[in-house]
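As structure tokens, the structure follows; a few thoughts come after it.
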Amino acid sequence: MQVTPLHRSYQVSGIIAAIPLALLLLGTETGRNALAWVYLQSTDAISCATHIHEFPLDRLDPTCPQCM
């Protein structure tokens, strides 16, 4: 008989719990409203965030000719 490791059973039980939760969130009006609220809160937080030091991301690109 094959022994199932404990972390594998945790992984399987997490997947089994995630499926009904996703169906509940997408299948009910309250769940859809909650997902919409989370989305709106996150986009509002991103748009209102202050960027520290305005670090240009082009400096990280090795193919950028202006950065060399």
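Sorted by first and then second residue, the pairs that involve residues 10-34 and meet side chain to side chain donor-acceptor pair (under 3.5 Å), not counting sequence neighbours, are R8-Q11.
Linking ILVMFWY side-chain heavy atoms closer than 4.5 Å, directly or via other members, places I15 and L23 in a single hydrophobic cluster.
Considering CG of L21 and CG of L26, their distance stands at 9.5 Å, rounded to 0.5 Å.
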